[in-house]
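Report on the following structure.
Protein chains get the first letters and strands the later ones, always in sequence-line order, with residue 1 at the start of each.
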Protein chains: 2
Amino acid sequence: MAKKRINMKDIAKEAGVSTATVSYIINKRSDQVIAPQTIKKVEEAIKRLGYVPNLGARALASKHSRLLGLLIPQTEKETKLMFSNSFYGSFLSSFEYEARKKGYNILISGTDVDESYVDVARKRSLDGIVIVGVEIESDIKDLKQIGIPTVLVDSYGMDKELSSVTIDDENGGFLATEYLIGMGHRTIGLATGFLTKEGVNTERLKGYEKALTGHGLPCVGQYVYSGTISYEYGLELGLQLAASSERPSAIFATADILAFGLIKGLKRGGLKVPEDISVVGFDDGFLAGNMEPALTTVRQDVDGKARIAAQLVIDEIEEKENGSNIVLPVSLVERESVRKLVLH
Amino acid sequence: MAKKRINMKDIAKEAGVSTATVSYIINKRSDQVIAPQTIKKVEEAIKRLGYVPNLGARALASKHSRLLGLLIPQTEKETKLMFSNSFYGSFLSSFEYEARKKGYNILISGTDVDESYVDVARKRSLDGIVIVGVEIESDIKDLKQIGIPTVLVDSYGMDKELSSVTIDDENGGFLATEYLIGMGHRTIGLATGFLTKEGVNTERLKGYEKALTGHGLPCVGQYVYSGTISYEYGLELGLQLAASSERPSAIFATADILAFGLIKGLKRGGLKVPEDISVVGFDDGFLAGNMEPALTTVRQDVDGKARIAAQLVIDEIEEKENGSNIVLPVSLVERESVRKLVLH
DNA sequence: GTGAAAGCGCTAACAT
DNA sequence: ATGTTAGCGCTTTCAC
């Protein structure tokens, strides 16, 4: 308790100046000219007393919190954040780093039933928001209306006016499927999450279909398995497929984590990958190369995505720019989870 | 710009009451008796105008920000947060969830060279802090001095007065090593991160040594490999060991992620796991069972750790309790990465 | 070049 | 049962 926190007034008194002067100095305001010796006096007082500005108070007065919100989707059953998928962990790492370098801190919050993310944003006076991989149309509309700079990551067609960063998901789906076709596969399944109208999964599906039809292959819903992007669903599906006779010779899973579960399930079901069935993933997280078999997958640049997302919100907050729609390229990383089929 | 944000005064005016009354109602203060109809009027006004309280202003006036800081270690080279280790992602998920249920938000921040975490805590008026797996003595001393409730996770002997939650790391190391010995291994290596005086790695090392000496086995530094807790270091070490003739028959890696890298390195180096060399990990993250071979590892309850950490800080903030030192149990999960050695 | 003072939106004594 | 009002720590306009 005790020890009253040092505030600006204390510094002002100690240095024998006004709080206004202290404020000017702390904020290094270029529009205010301060005598060098005054600056020195104040800086010494700050050091001597160990003063740390209260950003909450500053936010109240200045309307800038220098706080960024990161919205991560929640798992279906739980309302916990989806950090089991290491994609989000990597994203957060890079995002926080980039933001911190520019003087912003990150607030992480899921949303409860009774409270939208927009409320969190307002409550906490967030300067900007990055939403990754979720589509809550109403929220986004509200966000725009309130005028909080928002950047959408991995979200399609939500709102062209908002800044966004995505990867070329359709092409990713295309590359994966083309590759499989090139390896001789003719019945190719797709394992994916919930297919929202504008989500990444749908884009990857489009690429998948494009490749299929491009080669005159049938593109029937029968081989599209849609569940959740999770290890568990992959496992379940793998087991199921292993037990089925109506099974494609290859599967494109729209996330590595899904592919991992899938492979495990297939193996448990007695199949060998890639001997009996081939699998291609998506993400190329750091474990992909370590799986057995090493996963052939579509590589995306998570680090780049995160940094760009941070830059975009911050630029928008600081009114340097706005409304960019960035699309990052993807590529296929060939490893060992696909077998070359010899056609007879 | 435009649209002025609705504040408490607006609500007061709309409902025909004072701001104090609005404040009492919003905070559901039990020490204030308000007429039901007044409550109704105010609640309607809030709804009608779409009012959301400004927590920054509240924090300023009440000295409670309802913000918790989560301090995650940074990687050595970069100053990025260490979220590649999925342990931290899982921890964050559960921690955020538990805190949110109790009305707290989470601020994530790394630290820069010129700014300690204590500064962040003060700047952002954090109500409490959870520090996981790092030992910055000076910071912790400052934190205590400033009187910000702090909970140490995975940190030993730092300060008995601070609340903490750990798992029984020493026992974990012991279990893993005992198991290996029971499987017939006599030369057992230890792969771990940087061995700080009071870190988890050192505790696990103690358990390792205890098991060894308990069986009269030599406990020489020769087989202790200390690098960083990372996939990369594991890989490097694996490669190195594979090329060496002086190699233990089994290795206990003090983190799954390290074990993953290690196994990959060993394999690349031409060895088979567990045929040529056995590996035990630590954590039992959700991928452990999926590796090839499935990893035998020490299981810890990350979810429990995170929830308890959240509870402890919050209890301390709300002055319900303080100074608990919780130790969670661990157990060994037997899978396929260890070979039973027949002694001749 | 520096300072006085009016807020920012809220809480909490203290009145009534 | 409700209102008045003085801050909380900072920024910013306007004086000087």
Side-chain angles (χ1 to χ4, degrees), chain A residues 1 3-43 45-46 49-67 119 122-127, chain B residues 1 3-43 45-46 49-67 119 122-127:
Chain A
M1 307 272 84
K3 245 204 226 161
K4 155 187 176 305
R5 245 194 81 165
I6 302 295
N7 62 27
M8 214 150 128
K9 220 160 150 188
D10 299 324
I11 299 300
K13 202 193 294 171
E14 175 86 6
V17 298
S18 74
T19 61
T21 303
V22 176
S23 175
Y24 296 146
I25 293 175
I26 288 178
N27 296 303
K28 302 197 204 313
R29 290 184 49 155
S30 51
D31 56 340
Q32 296 287 339
V33 190
I34 310 281
Q37 44 168 330
T38 307
I39 296 186
K40 216 178 122 202
K41 270 193 308 187
V42 170
E43 286 179 340
I46 290 178
L49 269 45
Y51 169 67
V52 175
N54 179 329
L55 297 194
R58 177 183 293 174
L60 191 57
S62 72
K63 306 283 168 210
H64 294 299
S65 65
R66 297 196 81 84
L67 215 46
D119 291 342
R122 296 216 284 157
K123 267 209 237 221
R124 293 293 181 187
S125 311
L126 302 182
D127 280 350
Chain B
M1 303 275 80
K3 244 202 233 167
K4 153 185 177 309
R5 244 194 82 163
I6 302 296
N7 62 26
M8 213 151 134
K9 219 159 152 188
D10 299 324
I11 299 300
K13 202 192 297 172
E14 176 85 6
V17 297
S18 75
T19 60
T21 303
V22 176
S23 174
Y24 296 148
I25 293 175
I26 287 178
N27 296 303
K28 301 198 204 312
R29 289 183 49 151
S30 51
D31 56 338
Q32 296 286 337
V33 191
I34 309 280
Q37 45 168 328
T38 308
I39 296 186
K40 217 178 120 204
K41 270 194 309 186
V42 170
E43 285 179 339
I46 290 178
L49 268 46
Y51 169 67
V52 175
N54 179 330
L55 297 195
R58 176 184 293 174
L60 193 56
S62 73
K63 306 284 166 205
H64 294 299
S65 64
R66 297 196 82 85
L67 257 184
D119 292 341
R122 297 215 285 159
K123 267 208 237 220
R124 291 294 181 188
S125 312
L126 302 182
D127 280 350

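Summarising the geometry, the separation between CD1 on B:I6 and C1' on C:dG9 is reported as 13 Å, rounded to the nearest angstrom. Rounded to an integer number of Å, the gap from CD1 of A:I26 to P of C:dT2 is 15 Å. Computed from coordinates, the A:N27 CG to D:dT13 P distance equals 13 Å when rounded to whole Å. Note: NZ (A:K41) to P (C:dG1) measures 14 Å, nearest angstrom. In this structure, the CD atom of B:Q37 is 12 Å from the C1' atom of D:dT2, given to the nearest Å. Between A:K13 atom NZ and D:dC10 atom C1' the separation is 17 Å, expressed in whole Å. Summarising the geometry, the separation between CD1 on B:I34 and C1' on D:dG3 is reported as 11 Å, rounded to the nearest angstrom. The NZ atom of A:K28 sits 17 Å away from the C1' atom of D:dC10 (whole-angstrom rounding).
A side-chain donor-acceptor contact under 3.5 Å links A:S65 to the backbone of A:S125.
Judged as a side-chain hydrogen bond (donor to acceptor under 3.5 Å, both in side chains), and not counting sequence neighbours, the contacts of B:S18 are B:T21. Shown here are the side chain to side chain contact (heavy atoms under 4.5 Å, CB included) partners of A:L55, two or more places apart in sequence or in another chain: A:R58, B:K123, B:R124. Legend: residues meeting side-chain hydrogen bond (donor to acceptor under 3.5 Å, both in side chains) with A:D119, ordered by chain and number and at least two apart, are absent. Applying the side-chain hydrogen bond (donor to acceptor under 3.5 Å, both in side chains) rule to A:N54 yields no partners; only residues at least two apart in sequence or on another chain are considered. Partners of B:S23 according to the side-chain hydrogen bond (donor to acceptor under 3.5 Å, both in side chains) rule, which considers only residues two or more places apart in sequence or in another chain, are B:N27. Taking the salt bridge (Lys or Arg N to Asp or Glu O under 4.0 Å) definition, one finds that A:R122 meets it with nothing, sequence neighbours left out. Residues meeting the side chain to side chain contact (heavy atoms under 4.5 Å, CB included) test with B:N7, sequence neighbours left out: B:K4, B:K9, B:D10.
In terms of position on DNA chain D, the residue among B:V33 and A:V22 whose nearest nucleotide sits closer to the 5' end is B:V33.
Applying the salt bridge (Lys or Arg N to Asp or Glu O under 4.0 Å) rule to pairs touching residues 20-35 of chain A yields A:R29-A:D31, sequence neighbours excluded.
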Would you mind writing out the side-chain donor-acceptor pairs for residues 35-42 of chain B within the sub-3.5 Å range, not counting sequence neighbours?
none

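With rounding to the nearest 0.5 Å, the separation of CD1 in A:I6 from CG in A:L49 is 4.5 Å.
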Between the protein and nucleotides 13-16 of chain C, list every N/O to N/O distance that falls short of 3.5 Å.
from   : atom 1 : to    : atom 2 : distance (Å)
C:dA13 : N6     : B:Y24 : OH     : 2.8

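Using a 4.5 Å cut-off on side-chain heavy atoms (C-beta onward), A:I26 and A:I11 make no contact.
Phosphate proximity of C:dG3 to A:S18: present, with a side-chain N or O under 4.0 Å from OP1 or OP2. For B:T19 and C:dG9, the shortest distance from a side-chain N or O to OP1 or OP2 is not below 4.0 Å.
The bend of the helix from C:dG1-D:dC16 to C:dT16-D:dA1, defined by the angle between the axes of its first five and last five pairs, stands at 40° to the nearest 10°.
Using a 4.0 Å heavy-atom criterion, one finds that B:V17 contacts the sugar-phosphate atoms exclusively.
The stretch residues 52-67 of chain A touches DNA chain C through A:L60, A:A61, A:K63, each having a heavy atom under 4.0 angstrom from the strand.
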